[in-house]
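We use all heavy atoms of the structure for the numbers below, so side chains are in, but hydrogens, waters and symmetry mates are not.
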Amino acid sequence: MARVRSVADMTVVLFTCAGQRVDIVSAFGRAGATTIATDADPLAPALYHAHRQALVPRVADPGYVPTLAALVAEHDVALVVPLTDLDQEILSIARADLAPALVLAPPPEVCRTMSDKYLAHAFFERHGIPSPRSWLPAEVPGDARYPLLVKVREGFGSRHIYRAANPDELDFFLRYTTVDSFVQEACRGEEFSIDVFCDLQGRCLNAIPRTMIQSKGGESIKGRSLQDRALIEHGARVAETVGIVGPANVQCFREPDGSLPVTDVNPRFGGAFPLPLAAGSRYPELALALARGEPLEPCLGEFREGVVMTRFFSDLCLVDGDDGALVPFAEELPSPLAAEPGTA
């Protein structure tokens, strides 16, 4: 495993679009960071699991980046971590405005290409990465293998995806969908996700495959870490070819012919973040080390196999505080049953 020193001076990390990502914010806190969670929604649960919180404008607001820059200056922030797809490209473009904090995101062109699933497919094909056959709606050939998927080009959470069993259904769904879409052949094999983490030069430090036992709304809720050398090396190669900086999630299938077509690369921490964390990824520690300028060496395959994750809903109750701001109702915030990997 890469060697990282303990945090003596409490590196300050600012999370954007914190939303429900209590798992990530809490993990960075346990790794030694001082955490600041931001969101436009005062009911975002992750706000109340950080050391500090701040309400900010929505990402499309002209004041969004200046507000974040002011927080960086006020709190001496060393690392900015976007937690959703909503503002990755915005923050990547605004690196200079957020300096001296490190923005944990790839270059803007990488964010832009990976956010458009059809452009991502074209990128994969150009760079020799297997990807399911895909077309723009007017270009679907007669020999396309059904079932076909009508998929939104820019979106998340498995929204606006329709499965067409024949040409008539394909025509119907292309008329029915309300978003800019493309068409992709459905894969026939087992689906896997590979959680990767790369350094500032784009070297993959680790890649942790997991099975997709069950998903809801495009997010894995049950899975198992898997020591599969082909998947590990595939995830690392894809991440380095794409140009990932920091975390990403590579989604692929193992087809009957043994190929590993990639359907998505999401350049952020995956929805199933607790599983690679419990398997020993130490991704928060690696991110903090990057923020401190420490050298890191790849440690591909260094994680525990057979760690099973099963997720569940939790809750947080709030009341009005003395100053009118919402504060947690309970004296102690709810936390996962296993606050650290291997503990109960």
Side-chain angles (χ1 to χ4, degrees), residues 85 88-89 105-107 109-136 144-145 147-161 163 181-198 202-213 215 218-220 223 225-273 275-276 300-301:
D85 305 315
Q88 284 178 336
E89 184 179 349
E109 60 271 19
V110 174
C111 300
R112 190 174 308 119
T113 299
M114 292 301 111
S115 69
D116 185 320
K117 306 309 180 184
Y118 182 73
L119 293 183
H121 161 75
F123 176 93
F124 299 149
E125 284 201 322
R126 288 197 309 271
H127 292 83
I129 297 171
S131 179
R133 293 175 73 196
S134 303
W135 310 273
L136 295 175
R145 187 194 71 207
L148 295 177
L149 302 176
V150 176
K151 302 176 70 173
V152 60
R153 289 182 60 166
E154 294 189 66
F156 53 89
S158 291
R159 301 180 182 121
H160 303 290
I161 297 179
R163 189 181 184 92
S181 301
F182 73 107
V183 180
Q184 187 172 81
E185 285 186 344
C187 293
R188 295 177 171 178
E190 182 179 1
E191 185 177 10
F192 299 92
S193 279
I194 309 167
D195 295 292
V196 303
F197 193 93
C198 298
R203 291 185 310 162
C204 187
L205 301 177
N206 208 348
I208 302 180
R210 50 183 166 85
T211 61
M212 302 282 282
I213 296 174
S215 298
E219 187 167 303
S220 176
S225 61
L226 186 66
Q227 273 285 355
D228 184 309
R229 199 67 202 177
L231 289 174
I232 293 170
E233 293 176 355
H234 187 54
R237 183 172 78 88
V238 170
E240 293 181 351
T241 302
V242 168
I244 294 299
V245 172
N249 173 253
V250 178
Q251 296 180 335
C252 67
F253 286 77
R254 176 170 277 139
E255 294 291 79
D257 63 2
S259 64
L260 297 170
V262 174
T263 55
D264 291 281
V265 175
N266 301 304
R268 53 169 168 74
F269 286 116
F273 170 85
L275 180 50
L300 289 177

Original post:
Do R188 and D257 come within less than 4.5 Å of each other through their side chains, counting heavy atoms only?
Top reply: no

Subject >> Contact check, side chains of R153 and L136, non-hydrogen atoms, under 4.5 Å >> reply: yes

Subject >> Given F253, F123, F124, the one that forms side-chain contact (heavy atoms from CB on, under 4.5 Å) with V262 >> reply: F124

Subject >> Test applied, side-chain contact (heavy atoms from CB on, under 4.5 Å); reference residue, K117; option that passes from D264, V265, V152 >> reply: D264

Subject >> Heavy-atom check, side chain of D85 versus side chain of S115, under 4.5 Å >> reply: no

Original post:
Taking all atoms of both residues into account, what is the closest heavy-atom pair of Q227 and G301, and its distance?
Top reply: NE2-O, 2.7 Å

Original post:
Going by heavy atoms in the side chains, are N249 and R210 under 4.5 Å from each other?
Top reply: yes

Original post:
Out of curiosity, L260 CG to E233 CD, how far, rounded to the nearest 0.5 Å?
Top reply: 11.0 Å

**OP:** Compare all side-chain heavy atoms of P209 with those of F192 and state whether any distance is below 4.5 angstrom.
**Re:** no

Original post:
Just by distance, do the side chain of H121 and the backbone of P132 share a donor-acceptor pair under 3.5 Å?
Top reply: yes

Original post:
Looking only at heavy atoms, which two atoms of I161 and K151 are closest? And how far apart?
Top reply: CG2-CG, 4.1 Å

Subject >> Min side-chain heavy-atom separation R237-I129 under 4.5 Å >> reply: yes

**OP:** Look up atom CZ in F182 and atom CG in L149, then write down how far apart they are to the nearest 0.5 Å.
**Re:** 8.5 Å

Subject >> Nearest-0.5 Å distance, CD of residue Q184 to OH of residue Y118 >> reply: 11.0 Å

**OP:** Answer whether the closest heavy-atom distance between the side chains of E191 and S220 falls below 4.5 Å.
**Re:** no

**OP:** Could you tell me whether the side chain of E255 and the main chain of G189 form a donor-acceptor pair under 3.5 Å?
**Re:** yes

Original post:
Distance from I208 atom CD1 to L226 atom CG, nearest 0.5 Å?
Top reply: 11.5 Å

**OP:** Carefully, step by step, assess L300 and R229 under the rule side-chain contact (heavy atoms from CB on, under 4.5 Å).
**Re:** CA-CA 9 Å; L300 289 177; R229 199 67 202 177; 4.1 Å; yes

Original post:
Quick one: OG on S131 to CZ on R126, what's the gap to the nearest 0.5 Å?
Top reply: 11.5 Å

**OP:** Indicate the atoms forming the closest heavy-atom contact of C198 with I244, along with that distance.
**Re:** CB-O, 3.3 Å

Original post:
For the side chain of R145 and the backbone of A186, is there at least one donor-acceptor N/O pair under 3.5 Å apart?
Top reply: yes

Original post:
How many angstroms lie between CE in M114 and CD in E154, if you round to the nearest 0.5 Å?
Top reply: 12.0 Å

**OP:** Could you tell me whether a side-chain N or O of E240 sits under 3.5 Å from a main-chain N or O of C204, the two making a donor and an acceptor?
**Re:** yes

Subject >> Contact check, side chains of H160 and S181, non-hydrogen atoms, under 4.5 Å >> reply: no

**OP:** Could you tell me which non-hydrogen atom of A230 sits nearest to which non-hydrogen atom of R254, and how far apart they are?
**Re:** CB-NH2, 3.9 Å

Original post:
Under 3.5 Å, side chain of N206 to main-chain N/O of V196, donor-acceptor pair present?
Top reply: no

**OP:** Given side-chain contact (heavy atoms from CB on, under 4.5 Å), test Q88 with N266 step by step and report yes or no.
**Re:** CA-CA 10 Å; Q88 284 178 336; N266 301 304; over 6 Å; no

